Number of protein chains: 2
Amino acid sequence: MATYQAWEALGDPSRFAIVAALAERPQAVGELAATLPISRPAVSQHLKVLKSAGLVTDRADGTRRIYRLNPTGVAALRDQLDTFWARALSSYQEITEEEKP
Amino acid sequence: MATYQAWEALGDPSRFAIVAALAERPQAVGELAATLPISRPAVSQHLKVLKSAGLVTDRADGTRRIYRLNPTGVAALRDQLDTFWARALSSYQEITEEEKP
DNA sequence: ACGAACCGAAAGCTACGACTTACCAAGGAC
DNA sequence: GTCCTTGGTAAGTCGTAGCTTTCGGTTCGT
């Protein structure tokens with residue numbers, strides 16, 4: 001989980017759709033593939049990327065594999081955005097104060 | 001600002017580095033290029049993408065162009081992650097409650 | 001008015017990533 | 001034990017995103 005891999009993972013439309021779907025409820029590979037315009041192996045490959053990025057976890061259920069969103073991974077991204085946001089705001093603060101006189 | 005373009009924008013390592021740099025302080029194109037391992041035109045192209053994604057804004061300053069982070073754009077991504085996070089958590093909740101008996 | 005600094009646009013090349021088809025493995029039903 | 005469902009893996013193709021070099025356009029200084 002190189003902490004940045006998650007950004008690259010979410011940068012793909014298919015993977016983003018998968019994450020959005022898994023946010024609703026945990027799902028098996030076939031279920032996901034049925035709602036997406038790509039083949040099942042493609043979904044498998046994307047899930048592999050998402051898993052190594054720490055964004056999803058999986059567990060076996062018979063012949064099926066149930067994937068679910070990993071809240072920890074999502075939280076890590078959110079925290080990073082929070083940092084960016086806070087720093088950008090403080091920059092704004094400084095600028096507007098400079099421009100006051 | 002197709003709201004998703006921002007994810008694709010952040011999915012590139014160079015653009016992510018640019019955003020991180022702009023989070024520290026507003027900078028000109030040349031400044032950014034000096035700290036990155038890519039050419040200045042490449043930085044320009046990335047800034048174009050980031051701008052159309054609503055993640056940065058620019059303003060002219062003589063012959064220079066000062067780019068800064070757009071807090072609104074960053075906040076939009078954070079909110080989306082918040083949604084994912086909340087839904088994943090409630091999924092967990094339901095699952096663990098189902099497994100109780 | 002001329003030169004320098006700074007930047008965006010165009011053109012072209014290369015590499016990588018997303019997808020498909022085909023195959024193989026594992027588990028459950030009967 | 002056999003069949004069927006479910007998924008991951010391998011191999012191969014194709015598009016495109018990212019980069020560089022080159023050129024053109026503004027703006028400031030002197």
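Everything quoted here is computed from the prediction, not taken from an experiment. Chain A is the first sequence line, chain B the second, and so forth, proteins listed ahead of strands; every chain is numbered from 1.
- Closest contact between the side chain of B/Ala28 and the listed nucleotides C/dC7, C/dA9, D/dG7 involves C/dC7.
- Between A/Thr63 and D/dT6, a side-chain N or O to OP1/OP2 separation shorter than 4.0 Å is absent.
- In terms of hydrophobic clustering, with Ile, Leu, Val, Met, Phe, Trp and Tyr side chains grouped at heavy-atom distances under 4.5 Å, B/Tyr4 and A/Leu36 are assigned to a common cluster.
- Neither OP1 nor OP2 of D/dT6 sits under 4.0 Å from any side-chain N or O of A/Tyr67.
- For A/Asp61 and C/dA26, the CG to P distance is 18 Å, given to the nearest whole Å.
- Atom CG of A/Asp79 and atom CG of B/Leu81 lie 10.0 Å apart (nearest 0.5 Å).
- Here the P atom of nucleotide C/dG8 and the CG atom of B/Leu47 are 7 Å apart, to the nearest Å.
- One can place NZ of A/Lys51 at 12 Å from C1' of D/dG7, the figure rounded to the nearest angstrom.
- Remark: the backbone N or O of A/Ala23 is not paired with any side-chain donor or acceptor of B/Arg87 at under 3.5 angstrom.
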Each nucleotide of nucleotides 18-23 of chain C classed B (base within 4.0 Å of a protein heavy atom), S (only sugar-phosphate) or -, in 5' to 3' order, makes SBBBB-
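- B/Tyr67 pairs with exactly one of B/Thr57, B/Asp58, B/Ile18, B/Val43 by the side chain to side chain contact (heavy atoms under 4.5 Å, CB included) rule, that one being B/Asp58.
- Tested against A/Arg59 for a side chain to side chain contact (heavy atoms under 4.5 Å, CB included), the candidates A/Arg68, A/Arg65, A/Arg64 yield a single pass: A/Arg68.
- Between A/Ile66 and B/Gly62, it is A/Ile66 whose nearest contact on DNA chain D lies nearer the 5' terminus.
- Aromatic ring pairs are classed by plane angle as parallel below 30°, tilted from 30° to 60° and perpendicular above 60°; the pair B/Trp7 and A/Trp7 is parallel.
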